[in-house]
2 protein chains.
Amino acid sequence: MPDIENVSLLRLREFLPYRLSVLSNTISTRIASLYDREFGLSIWQWRVMAVTGDRPGISATEIGQLTAMDKVAVSRAIAAMIQMGYLERKTSETDGRRSQLFLTPAGRDVYELIVPMALGAEQELASSLTEEEQKQLERLMGKLADAASPDRPLW
Amino acid sequence: MPDIENVSLLRLREFLPYRLSVLSNTISTRIASLYDREFGLSIWQWRVMAVTGDRPGISATEIGQLTAMDKVAVSRAIAAMIQMGYLERKTSETDGRRSQLFLTPAGRDVYELIVPMALGAEQELASSLTEEEQKQLERLMGKLADAASPDRPLW
DNA sequence: GTCAAATAGTTACATATGAAACTAATAGTT
DNA sequence: AACTATTAGTTTCATATGTAACTATTTGAC
């Protein structure tokens, strides 16, 4: 007699969203502990530093767009990093609401250390895959991202 | 004259850990809003339901192992779901510390609705990839998970 | 059997996070 | 110019989360 109770079967460990979540958290936590241990930076603060180092004069709103952080998180990360002496804020001369952000010399020092560290960790991670596989992964993640995009018809 | 300031370059949007994090969050949030809207369940509660439905009599500790949740999160999710009338707890007769968890009839009703819904969402998502690509993705994620495993020499 | 160590789970506390309300400045309409 | 709507960013408040301390029970050593 077939088991009619369990019509369909769900194994969490094989469930794609779950696997992605666990993988992503493992990696993020691992890397975050590096930044934190070495420089006392959270993931959010690190993201702000990454984009500000790359685009001096950027605004908080733009940081939010580039980092997928919401504006409250951006605001808090910026405040903390100014406090730490890593960031400097000027008010735009053409728009009094807009802030323009720059790394201080101390901030740039950290940035110069952190970028190779981050790239190294990524390299370490990616090196478990062949070149070909890395490209594949990029492609597949892109497809998934499109499929999961919030401005799609509801599943 | 070459730009000697910016020795190495980091583009956040191409940074693997960042991309994974954004992708995973997008998907999780999307699916979580479904559970929440339909049944008032958080992701954690949903995970507890998923494994308890599959293994009646499971303990809180085992749930933690199967869901990658820490014991506090498990404890809270269980408490809330007992409150909601979806879960029932008995104390093991052979070990007074251990709890044994079961879905109530109401809990099972939700479970029976939620499992196909979850599988459907996964299917929807996965269907943006070919069969071949899905297998690839599994493989690549497995490799990355190994590489990022916490009991590896520090990066 | 008694006592220290380990295990299952909960509670308390401190911090992180997100939504909504708020302030300040600008843009657009009349 | 005056008035409304919009935008940039901050603050407030309520909730979520993680760490550490705690309770209860069991296990293991003697």
Side-chain angles (χ1 to χ4, degrees), chain A residues 21-22 24-26 28-30 32-33 35-37 40-48 51-52 55 57-84 87-102 150, chain B residues 21-22 24-26 28-30 32-33 35-37 40-48 51-52 55 57-84 87-102 150:
Chain A
S21 164
V22 171
S24 163
N25 284 342
T26 304
S28 290
T29 304
R30 197 81 194 280
S33 75
Y35 306 145
D36 185 31
R37 176 145 21 89
L41 292 176
S42 73
I43 290 195
W44 313 117
Q45 289 163 7
W46 180 82
R47 285 191 184 172
V48 167
V51 297
T52 309
R55 305 193 180 193
I58 194 173
S59 73
T61 302
E62 288 163 340
I63 291 178
Q65 290 159 351
L66 289 175
T67 58
M69 293 166 65
D70 79 75
K71 62 180 182 172
V72 178
V74 172
S75 173
R76 289 199 259 244
I78 290 173
M81 293 174 76
I82 289 175
Q83 189 64 32
M84 293 173 179
L87 265 194
E88 195 172 19
R89 170 168 35 203
K90 300 179 182 173
T91 298
S92 162
E93 304 203 341
T94 62
D95 184 341
R97 297 165 302 181
R98 196 180 203 86
S99 57
Q100 295 186 296
L101 296 159
F102 303 89
Chain B
S21 165
V22 171
S24 163
N25 285 342
T26 304
S28 290
T29 304
R30 198 82 194 278
S33 75
Y35 306 147
D36 185 30
R37 174 145 22 88
L41 292 176
S42 72
I43 289 195
W44 313 118
Q45 290 163 6
W46 180 82
R47 286 191 185 173
V48 167
V51 297
T52 309
R55 305 192 181 193
I58 195 174
S59 73
T61 302
E62 288 164 340
I63 291 178
Q65 290 160 351
L66 290 176
T67 58
M69 293 166 66
D70 78 76
K71 62 180 182 172
V72 178
V74 172
S75 174
R76 288 199 259 243
I78 290 172
M81 293 174 77
I82 289 175
Q83 189 64 34
M84 292 173 182
L87 265 193
E88 194 171 20
R89 170 167 37 203
K90 300 180 182 173
T91 299
S92 162
E93 304 204 342
T94 61
D95 184 342
R97 296 164 303 181
R98 196 177 203 90
S99 57
Q100 295 186 296
L101 296 159
F102 303 88

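Each chain gets a letter, A, B and so on, in the order its sequence line appears, and its residues count up from 1. The figures here come from the full heavy-atom set of this structure, side chains too, leaving out hydrogens, waters and symmetry mates.
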Open item on the list: When you measure from the side-chain N and O atoms of T61(B) to the phosphate of dG9(C), is any distance below 4.0 Å, counting only OP1 and OP2?
Closed with: yes
Open item on the list: Quick check for you: to the nearest 0.5 Å, what is the distance between I63(A) atom CD1 and W44(A) atom CH2?
Closed with: 14.0 Å
Open item on the list: What contact category does S99(B) fall into here, base, sugar-phosphate, or nothing, at under 4.0 angstrom with non-hydrogen atoms?
Closed with: sugar-phosphate
Task: Any W44(A) side-chain nitrogen or oxygen under 4.0 Å from OP1 or OP2 of dA16(C) - done: no
Open item on the list: Less than 4.5 Å apart, side chain to side chain, heavy atoms only: is that true for R47(A) and I43(A)?
Closed with: yes
List, one per line, each side-chain donor-acceptor pair under 3.5 Å for residues 71-82 of chain A, sequence neighbours excluded.
none

Task: Interatomic distance, L41(B) CG vs dA16(D) P [rounded to whole Å] - done: 13 Å
TODO: Would you mind pulling out the nucleotide paired to dT30(C), Watson-Crick or G-U wobble, both distances under 3.5 Å?
DONE: dA1(D)
Task: Rounded distance in Å - CZ (R98(A)) to C1' (dT7(D)) - done: 10 Å
Task: Close side-chain approach of T61(A) and Q65(A), heavy atoms under 4.5 Å - done: yes
Open item on the list: Please report the interatomic distance CD(Q45(B)) to CE(M84(B)), rounded to the nearest 0.5 Å.
Closed with: 4.0 Å
- [ ] To the nearest Å, give me how far apart CD1 (I63(B)) and C1' (dA8(C)) are.
- [x] 13 Å
Task: Min side-chain heavy-atom separation M69(B)-V48(B) under 4.5 Å - done: yes
Task: S42(B) side-chain N/O to dA16(D) phosphate OP1/OP2 under 4.0 Å - done: no
- [ ] Using whole Å, report how far CD of Q45(A) lies from C1' of dT15(C).
- [x] 13 Å
Open item on the list: Check the phosphate of dA8(D) against R89(A), side-chain N and O only, distance under 4.0 Å to OP1 or OP2. Yes or no?
Closed with: no
Open item on the list: With nearest nucleotide decided by heavy atoms, which residue, E62(A) or G96(B), maps closer to the 5′ end of DNA chain D?
Closed with: E62(A)
Open item on the list: Let's see if you get this right: which residues in residues 69-83 of chain A place a heavy atom under 4.0 Å from DNA chain C?
Closed with: D70(A), V72(A), R76(A)
Task: Rounded interatomic separation in angstrom, taking CG from D95(A) and P from dG28(C) - done: 12 Å
- [ ] Mind calculating the distance between NZ (K90(A)) and C1' (dA25(C)) to the nearest angstrom?
- [x] 21 Å
- [ ] Could you check how far CZ of R97(A) sits from C1' of dA5(D), rounded to whole Å?
- [x] 11 Å
- [ ] Could you check if a side-chain atom of I58(B) sits within less than 4.5 angstrom of a side-chain atom of L66(B), using non-hydrogen atoms only?
- [x] yes
